[in-house]
Chemist: 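Sharing a structure here in structure tokens format.
Only heavy atoms go into these numbers, but all of them, side chains included; no hydrogens, no water, no symmetry mates. Note that this is a predicted model, so its numbers are computed, not measured.
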Amino acid sequence: MHFQTFSFTCLCCAVEVKVELSLLEKEKEVDGLSPNGKASPLADSRPNGALGHGSDDDSTPLPLYHKPRDYVEASVCHVKDLENGQMREVDLGSGRALLIKEHGEFSAMAHKCPHYGAPLVKGVLSKGHVRCPWHGACFNIATGDLEDFPGLDSLPTFQVTFPAAAASFTVSLSTSSFMVNVCEGPAGLVCAETLRQEGFTDRIVMCTMDRHPPYDRPKLSKSLDSTAEQLRLRSMDFLQDHDIELLTEKEVRAVAIDVKTRSVTFEDGLRMEYRKLFIATGSKHKPMVYKGKDVRNVFHLRTPEDANSIARLANNKNAVIVGTSYVGMEVAAALTDKAHSVSVIGIESVPFKKALGEKVGKAIMKLFEVNRVKFYMLNEVSEMIEKQRAVMLSSTTLSCLTIGSIPATGFLKQSGIHMDSRGFITVNKMMQTNADGVFAGGDVVVFPFLPRNNKKVNIPHWQMAHVHGRVAALSMMGRAADIKTVPYFWSAMFGKTIRYAGYGDGFDDVIIQGDLDELRFVAFYTRSEEVVAVASMNYDPIVSRVAEVLGSGKTIKKRDVETGDISWLNDKGSQ
């Protein structure tokens, strides 16, 4: 591992801010100096892949950061230019950094979020951290530490000094039993990395039922051409450097767990004993019976290979998407540039009705119809399948089934690990199961959710899986940490992004501000007299602002959002 050294120097007599930044010669021509950060202290990754036409996010890759060899220095602004609570992206001539003033103190750090490269200057500054405007990740402004997900990396910080006044404010980078990790995505990876970050030195084995190391699965439906390499979250070299062993589908598939003998048995007969076990096997598609299900032009989307095949075979074909989930709708949007026609078949009256409400669903449906997508919204999927069978099996048609998912926990039925009637693993607030030494997280769990009075819920968000992995790792280390996060997810289609924060299950009203026809709106979801979630399009950073308020423990009342005035978001909310 290595450390970067940076300094911001404020010369009071010259009333200017100077920046000294370590920089590689080959990076001097790159617009954007911030590396993809550190992972306290693990470093290696980069924004994964390209989103294509499916997102409004600027996915320009951030340059990797290496051992510094030389420095650049530049005067960037007047010392009085920043007010309290203000952020400014400052130009160093050959790159940029984020300068922050809060409570009379200056701090500085990299200017782009290491998740997808969002400009943090457009985010939300509050109580010592900055929240990303795109996907809600939070970074401590003093240390650069990643305080909330998504993403894997923290940010480098820069030293700020005031030599003329003989006072200074300095922040420097610092680092902060046999464990088996049966995983599919970010929960397992974050768990393993957190263990290493917290000083765990025993063996860690990650076992995935996929053929690839963990990758950015949400991008599969947004960018069908992306390869596993483009989407990877960490390289094999990274895992090896930090003594994280990886067994993939080619070698193992977990088939049974025995909590009495503390062992995992795999398909090839391999048996591994554990001291601690973390289960994060994710979800799998719902089984659906229909004639011709073994034909070659019907796909479920789960892997990069599935996505690549759909993209390749869709050219000039009639594409039929079965299911109006976020995945199904993203696939439909991605195929409009490739297929001869795109049809979507669903069981609700409008897409996203359950999650976003009928009005928002209709507005998004119009966006798809303008882009030549036809909808067939029926009452029963099975009825639709029979009616469309001839179309689906036609050589001129490509069908993609995105009809929902179930937890991938079938192999746990005889394990003694408690699951509910739907197959979800039940865990406590520390992600512990009923079995000693066994933890679980991600899509496969129901866990106590504090904002709903610790009701056991399942929230299958990418960001939430990161949180589960970290909480489980800390619990394994005897450092219990509650889940303190606001659920946050996003969906991208036709160059537009829906952002969503909170937990809106069971909402009874939707308060909409803005213009649905213009797709510039914010929708507040309420239960009784309380706002429980928010969604927006072309209204940044409103969702991150609401997430910040909810994350602080404050309550947003329905009456606060009915007036049309959202200035209250800056400082209001009931304790």
Side-chain angles (χ1 to χ4, degrees), residues 4-22 32-35 37-38 71-114 117-134 136-148 154-174 540-542 544-549 551-552 554 567-573:
Q4 300 96 24
T5 302
F6 309 86
S7 67
F8 272 66
T9 303
C10 174
L11 303 179
C12 294
C13 58
V15 290
E16 63 181 11
V17 177
K18 283 191 176 180
V19 180
E20 185 180 280
L21 175 67
S22 55
L33 291 178
S34 66
K38 61 182 179 65
Y71 304 88
V72 294
E73 185 177 82
S75 297
V76 294
C77 67
H78 193 283
V79 71
K80 295 182 180 180
D81 284 349
L82 260 66
E83 301 292 335
N84 273 322
Q86 185 179 1
M87 298 185 290
R88 173 172 294 187
E89 194 173 284
V90 294
D91 190 355
L92 306 182
S94 54
R96 297 170 186 164
L98 186 68
L99 185 63
I100 302 165
K101 185 178 182 182
E102 188 177 43
H103 305 307
E105 295 186 335
F106 285 90
S107 58
M109 61 186 184
H111 70 296
K112 285 188 176 182
C113 177
L120 292 175
V121 71
K122 296 182 179 180
V124 180
L125 172 64
S126 177
K127 297 181 180 179
H129 64 245
V130 175
R131 187 180 289 271
C132 172
W134 288 356
C138 284
F139 302 91
N140 187 291
I141 64 174
T143 65
D145 287 343
L146 178 64
E147 294 186 339
D148 204 353
S154 299
L155 290 173
T157 55
F158 310 112
Q159 185 177 337
V160 180
T161 61
F162 301 87
S168 65
F169 173 73
T170 303
V171 178
S172 8
L173 297 175
S174 61
D540 292 341
I542 187 70
S544 288
R545 287 194 181 279
V546 172
E548 190 60 34
V549 173
S552 70
K554 295 179 180 179
S567 60
W568 55 269
L569 275 174
N570 294 320
D571 56 10
K572 193 174 180 181

Chemist: Less than 4.5 Å apart, any side-chain heavy atom of Lys112 and any of Arg96?
Modeler: no
Chemist: With rounding to the nearest 0.5 angstrom, report the OG to CD distance, Ser154 to Glu147.
Modeler: 9.0 Å
Chemist: Decide yes or no for Phe139 and Leu146: does some side-chain heavy atom of the first lie under 4.5 Å from some side-chain heavy atom of the second?
Modeler: yes
Chemist: Could you tell me which residues satisfy side chain to side chain contact (heavy atoms under 4.5 Å, CB included) with Gln86, sequence neighbours excluded, listed by chain and number?
Modeler: Leu82, Glu83, Arg88
Chemist: What is the minimum heavy-atom distance between Ile100 and Met87, and which atoms define it?
Modeler: CG1-CG, 4.0 Å
Chemist: Check whether any side-chain N or O of Arg131 sits under 3.5 Å from a backbone N or O of Cys138 as a donor-acceptor pair, and report yes or no.
Modeler: no
Chemist: Any side-chain heavy-atom pair from Met109 and Thr157 closer than 4.5 angstrom?
Modeler: yes
Chemist: In Å, rounded to the nearest 0.5 Å, how long is the span from NZ of Lys127 to CD of Glu548?
Modeler: 8.0 Å
Chemist: Work out which heavy atom in Leu125 is nearest to a heavy atom in Lys101; give both atom names and the distance.
Modeler: CD2-O, 4.2 Å
Chemist: A side-chain contact here means heavy atoms from C-beta on lying under 4.5 Å apart; do Leu155 and Leu98 qualify?
Modeler: no
Chemist: For Cys132, is there any backbone N or O sitting under 3.5 Å from a side-chain donor or acceptor partner on Ser544?
Modeler: yes
Chemist: Looking only at heavy atoms, which two atoms of Val124 and Arg545 are closest? And how far apart?
Modeler: CG2-CG, 3.4 Å
Chemist: For residues Asp540 and Lys122, determine if any side-chain heavy atom of one lies less than 4.5 Å from a side-chain heavy atom of the other.
Modeler: no
Chemist: How far apart are the closest heavy atoms of Pro119 and Pro133, and which atoms are they?
Modeler: O-CG, 3.7 Å
